[in-house]
Asker: 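Pasting in a structure now, in structure tokens, and then I'll have a few things to ask.
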Amino acid sequence: MAITVRRLTTLPELGLTLVAGRDGADRVIEWAHPIELPDPTPWLSGGELVMTTGLEIGAGADDQFTYLQGLVGAGCVALAFDTGTRFDRVPDGLRAAGDALGFPVLAVPASTPFVAITRAVIDELTADQVRAVQRVVDQQERLARATLRGGVPAVVTTLGQALAGVVAVVDPDDRVLAEYGSDTTRAIGHARAVSESASRSPRRRQMSKVLVDDGGHYTVQSIAAAPDVYGYLAVGTAEPLPPADRLLLAHAVSLISIELGKPAKVQSAEQRLRAVVTRTLFDAPERMDAGLLRYFGLEPTDTVAVAVLTEVGPLLPAERQVGSALATEAVPYLAASVGADVAVVLPADRAREIATRVQHRVRAQLGRPVRCGLGGPCAVMDAKNSVHQALSAARAGRDGDTVPVVFAELGTFSLLLGMQDPDALQAIARSGLEALDAYDEKRGGSGGLVETLAAYLEHNAQAESAAVALGIHRHTLRNRLARIAELTGRDLDSIHTRVEWWLAVKAREMLDRQEE
């Protein structure tokens with residue numbers, strides 16, 4: 001905590017009293033300096049608490065105002081006035097000047113030597129430096145953990161949070177590799193401008209630059225491991241970065257350089273290990289090593305949810321695109337193929353939003369109608385249960401769905417049918433609709449009995465509404481319903497019959513979606 005004028009007056013061992021200029025009491029003291037000169041300003045650099053016995057302040061109010069005005073112009077913080085040597089109280093002229101200039105004036109009791117004030121200020125400044133160093137060490141540890149947990153995106157997010165600013169990383173081809181903040185447009189623009197400038201001067205590709213615009217202060221640094229340049233990192237803050245934050249920025253640049261410089265074989269091996277850990281978690285959680293979970297940023301006590309992406313096509317490019325999409329998210333995760341699908345283990349509290357973004361990106365990259373199901377939250381060691389739920393939710397979805405189908409939000413019929421495999425769905429559909437299918441097929445598909453039954457059930461057995469939906473006369477609808485009852489020997493007025501047929505219709509719809 002910085003030492004301010006107000007805080008200095010709260011130290012009981014000093015006994016200082018603020019007698020004027022209270023509006024400036026929250027100014028930060030950078031040093032304490034005793035000086036007895038009529039004009040001390042040539043020997044001041046700003047930020048000082050000036051201490052004086054009043055020997056050279058002048059006898060009149062005008063002289064005292066001029067003296068204090070000089071301190072204000074030199075950038076000093078406050079005046080500590082001794083009341084035990086020449087004066088027994090702070091002169092009225094000095095008090096009036098302090099109030100007029102908003103410049104704090106402290107009364108120093110006769111029992112307090114200036115050296116005690118100096119020592120108190122130095123002690124506080126030293127403590128601030130220790131706290132600043134400890135903060136940097138703590139943040140460096142956070143950055144290191146973020147690198148292990150989520151690579152470059154996690155480092156960028158952690159750095160942005162630590163500096164309370166916006167952060168962006170672009171590669172030499174101007175692609176944005178990671179970003180943090182509500183509006184990173186300016187940061188990205190500055191990074192690209194420096195990248196372009198560096199490309200015109202190959203010898204200066206490794207560089208750093210500080211820029212100021214209407215959006216704040218921007219520091220751009222190259223990310224490199226000689227002789228290769230991997231990109232440029234831009235940090236935007238409201239104020240210039242202090243030394244401690246510049247040290248933190250340098251540490252982040254080093255970590256990002258290491259991460260981007262990973263050989264492709266190392267990244268591939270890491271992905272294979274991630275897949276093995278994921279499959280072990282699903283198939284034999286009792287054999288899961290907690291150290292392996294922690295390597296990928298998860299704790300055995302974490303709560304997770306599993307997202308399953310289906311209709312992804314060939315697995316190799318699908319896994320690559322899923323991994324690429326997840327690399328932009330600053331969260332720990334596990335991922336592996338499950339049959340013809342790809343399952344991803346995510347922190348439960350952010351699973352839905354992350355799964356939505358991943359599904360969107362993978363659909364765009366693969367050019368396929370990728371569906372996504374999201375299982376319920378569970379302990380990480382019970383992730384297999386969430387996998388089954390996610391698969392059921394994905395089966396209940398439609399190809400046009402651009403957001404994950406959430407297991408917990410499925411209706412009863414969708415839930416029951418979504419948990420069935422295709423063979424079971426086929427059996428359910430056949431048992432209820434087989435006779436109607438045969439009738440429609442004999443007439444070249446023009447019988448319309450299955451379609452009529454579906455519309456009738458959809459409209460809660462309201463013949464008029466069903467006829468309108470089908471675009472046929474109500475007498476035609478009633479004739480078809482009579483034919484259905486005749487072919488099946490079932491009573492359309494029976495709730496049990498309607499439930500069985502509704503299940504059959506929904507099973508058929510689900511099968512049709514899976515085959516599209």
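On a predicted model such as this, the values are computed, not experimentally measured, just so you know.
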Asker: Can a donor-acceptor pair be found between the side chains of Thr402 and Gln359 at a distance below 3.5 Å?
Answerer: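 Not at all, the side chains of Thr402 and Gln359 share no donor-acceptor pair under 3.5 Å.
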Asker: For Tyr333 and Arg274, which heavy atoms make the closest approach, and how far apart are they?
Answerer: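 Heavy atoms of Tyr333 and Arg274 come nearest at O-NH1, 2.7 Å.
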Asker: Are the side chain of Arg246 and the backbone N or O of Leu241 linked by a donor-acceptor pair below 3.5 Å?
Answerer: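 At least one qualifying donor-acceptor pair exists.
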Asker: Within the structure provided, determine whether Pro40 and Thr52 are in side-chain contact (heavy-atom separation under 4.5 Å).
Answerer: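 Answer no - side chains too far apart.
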Asker: For Ala193, does its backbone N or O pair with a side-chain atom of Ser197 as donor and acceptor, under 3.5 Å?
Answerer: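 Between the backbone of Ala193 and the side chain of Ser197 there is no qualifying donor-acceptor contact (under 3.5 Å).
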Asker: Going by heavy atoms in the side chains, are Lys384 and Pro285 under 4.5 Å from each other?
Answerer: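 No, side chains not in contact.
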Asker: Answer yes or no: are there more than 12 heavy-atom neighbours, outside Asp289 itself, under 6.0 Å from its atom CG?
Answerer: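 Yes - once you tally the heavy atoms of other residues, nucleotides and ligands closer than 6.0 Å, there are more than 12.
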Asker: So, taking the atom named CG in Asp341 and the one named SG in Cys372, what distance separates them when rounded to the nearest 0.5 Å?
Answerer: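 Going from CG on Asp341 over to SG on Cys372, the span is 10.5 Å.
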Asker: Any donor and acceptor pair, going by atom type alone, linking the side chain of Thr83 with main-chain N or O of Ala107 inside 3.5 Å?
Answerer: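 Not a single qualifying donor-acceptor pair exists.
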Asker: Any pair with a residue in residues 59-85 that passes ring-ring contact (aromatic ring centres under 6.0 Å, His included), sequence neighbours left out, goes on the list, sorted by first then second residue, please.
Answerer: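 Pairs touching residues 59-85 that pass the test: Phe81-Phe87.
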Asker: Is a side-chain N or O of Thr10 found less than 3.5 angstrom from the main chain of Arg7, in a donor-acceptor match?
Answerer: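 Yes; judged by distance alone, with no hydrogens or angles, the pair exists.
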Asker: Are Gln389 and Asn385 close enough that a side-chain donor and a side-chain acceptor fall under 3.5 Å?
Answerer: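 Note: Gln389 and Asn385 side chains miss the donor-acceptor criterion.
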Asker: Any salt bridge between Glu196 and Arg192, counting N to O under 4.0 Å?
Answerer: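 Result for this pair is no, no salt bridge flagged.
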Asker: Flag the pair Leu16 / Leu11 as yes when at least one side-chain heavy-atom distance between them is below 4.5 Å, and no otherwise.
Answerer: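 When only atoms from C-beta onward are counted, Leu11 and Leu16 do not touch, as no gap falls below 4.5 Å.
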Asker: Taking all non-hydrogen atoms of both residues, which atom of Ser222 and which atom of Val253 are closest, and how far apart?
Answerer: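 Smallest interatomic distance, heavy atoms only, reads O-CG1, 3.6 Å.
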Asker: Please assess Leu249 against Gln221 for the test side chain to side chain contact (heavy atoms under 4.5 Å, CB included), listing each intermediate value before the final yes or no.
Answerer: CA-CA 9 Å; Leu249 172 59; Gln221 285 197 314; 3.7 Å; yes
Asker: Report yes or no: does Gln64 contribute a side-chain atom to a donor-acceptor pair with the main-chain N or O of Gly58 at less than 3.5 Å?
Answerer: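 Yes.
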Asker: Hey, is the main chain of Ala394 close enough, under 3.5 Å, to the side chain of Arg371 for a donor-acceptor pair?
Answerer: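 Here the side-chain-to-backbone pair exists.
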Asker: Minimum heavy-atom separation for Ile3 and Leu8, please, with both atom names.
Answerer: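 In terms of heavy atoms, the two residues are closest at CD1-N, 3.9 Å.
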Asker: Between Gly24 and Val5, what is the shortest heavy-atom contact and its length?
Answerer: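 The answer is O-CG2, 4.4 Å.
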Asker: Using atom types as modelled and distance alone, determine if a side-chain donor or acceptor of Asp99 lies under 3.5 Å from a backbone N or O of Gly21.
Answerer: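 Judged by distance alone, yes, a pair lies under 3.5 Å.
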Asker: Donor-acceptor check, side chain of Gln140 to backbone of Asp138, threshold 3.5 angstrom: yes or no?
Answerer: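 Side chain of Gln140 to backbone of Asp138: no pair is present.
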Asker: Please examine the side chains of Tyr180 and Gln161, heavy atoms only from C-beta on, and report whether any two atoms are closer than 4.5 Å.
Answerer: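 Side chain of Gln161 against side chain of Tyr180, heavy atoms only: contact under 4.5 Å found.
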Asker: Does a side-chain heavy-atom distance below 4.5 Å link Val304 with Ser386?
Answerer: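 Contact flag for Val304/Ser386 side chains = no.
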Asker: Examine distances only and state if a side-chain atom of Arg95 and a backbone atom of Val90 form a donor-acceptor pair shorter than 3.5 Å.
Answerer: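 Pair found, side chain donor or acceptor close to backbone of Val90.
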Asker: Go through Ile354 and Leu326 one step at a time and tell me if the side chain to side chain contact (heavy atoms under 4.5 Å, CB included) criterion holds.
Answerer: CA-CA 8 Å; Ile354 294 171; Leu326 286 165; 4.2 Å; yes
Asker: Measure across Val210 and Thr219 and return the closest heavy-atom pair with its distance rounded to 0.1 Å.
Answerer: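 Taking every non-hydrogen atom into account, CG2-OG1, 4.2 Å.
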Asker: Check this for me: His217, atom NE2, are more than 12 non-hydrogen atoms of other residues, nucleotides or ligands nearer than 6.0 Å?
Answerer: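 Yes, because the 6.0 Å sphere around NE2 of His217 holds more than 12 heavy atoms from other groups.
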Asker: About how many Å separate CG of Leu255 and CG of Leu143, when rounded to the nearest 0.5 Å?
Answerer: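 Leu143 CG to Leu255 CG: 6.0 Å, rounded to 0.5 Å.
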Asker: Which value, rounded to the nearest 0.5 Å, describes the distance between Ile29 atom CD1 and Thr4 atom OG1?
Answerer: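 Separation between the atoms: 7.0 Å.
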Asker: What is the distance from atom CG of Leu49 to atom CG of Leu106, rounded to the nearest 0.5 Å?
Answerer: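 Spacing of CG (Leu49) from CG (Leu106) equals 6.5 Å.
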Asker: Is there a donor in the side chain of Arg142 and an acceptor in the side chain of Gln139, or the other way round, less than 3.5 Å apart?
Answerer: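 Side chains of Arg142 and Gln139: pair found under 3.5 Å.
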Asker: Enumerate the side chain to side chain donor-acceptor pair (under 3.5 Å) contacts for residues 16-32, please, sequence neighbours excluded, ordered by first and then second residue.
Answerer: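 Counting only pairs at least two positions apart or across chains, the side chain to side chain donor-acceptor pair (under 3.5 Å) contacts touching residues 16-32 are Arg6-Asp26.
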Asker: If you round to the nearest 0.5 Å, how far is CG of Leu159 from NE2 of His251?
Answerer: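 If we round to the nearest 0.5 Å, His251:NE2 and Leu159:CG are 10.5 Å apart.
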Asker: How long is the span from the CD atom in Glu179 to the CG atom in Leu233, to the nearest 0.5 Å?
Answerer: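 Nearest 0.5 Å value for the CD-CG distance: 12.0 Å.
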Asker: Taking C-beta and beyond as the side chain, do Val370 and Gln365 meet within less than 4.5 Å on heavy atoms?
Answerer: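 The answer is no, as the side chains (C-beta and beyond) never meet within the 4.5 Å cut-off.
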Asker: Hey, mind stepping through Asp183 and Val166 against side chain to side chain contact (heavy atoms under 4.5 Å, CB included) and telling me if it holds?
Answerer: CA-CA 7 Å; Asp183 184 3; Val166 297; 5.8 Å; no
Asker: Specify the closest pair of heavy atoms between Ala318 and Val342, including all atoms of both residues, with the distance to one decimal.
Answerer: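 For Ala318 and Val342, the tightest heavy-atom pair comes out as CB-CG2, 4.5 Å.
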Asker: Can you confirm whether Arg89 is buried at CZ, in the sense that more than 12 heavy atoms of other residues, nucleotides or ligands lie under 6.0 Å from that atom?
Answerer: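 Yes.
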Asker: Only pairs under 3.5 Å count here: list side-chain donor-acceptor contacts from residues 109-118, not counting sequence neighbours, and write none if there are none.
Answerer:
unit_1, atom_1, unit_2, atom_2, d
Thr112, OG1, Leu14, O, 2.7
Thr118, OG1, Phe114, O, 3.1

Asker: When you compare the side chain of Leu44 with that of Leu71, does any pair of heavy atoms fall below 4.5 Å?
Answerer: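 Side chain of Leu71 against side chain of Leu44, heavy atoms only: contact under 4.5 Å found.
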Asker: Report yes if some heavy atom in the side chain of Val345 is under 4.5 Å from a heavy atom in the side chain of Phe282; otherwise report no.
Answerer: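 In short, these two side chains touch, coming nearer than 4.5 Å.
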Asker: Answer yes when Asp245 and Arg135 have at least one side-chain N-carboxylate O distance shorter than 4.0 Å, and no when they do not.
Answerer: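 Salt bridge: yes.
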Asker: Using a 3.5 Å distance criterion without hydrogens, assess whether the side chain of Thr66 forms a donor-acceptor pair with backbone atoms of Asp62.
Answerer: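 Checking the backbone N and O of Asp62 against the side chain of Thr66, a donor-acceptor pair under 3.5 Å is found.
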Asker: Could you walk me through whether Tyr295 and Glu270 satisfy the side chain to side chain contact (heavy atoms under 4.5 Å, CB included) test, starting with their C-alpha distance in whole Å, then the side-chain angles of each, then the deciding distance to 0.1 Å, before giving a yes or no?
Answerer: CA-CA 10 Å; Tyr295 179 81; Glu270 189 173 87; 3.0 Å; yes
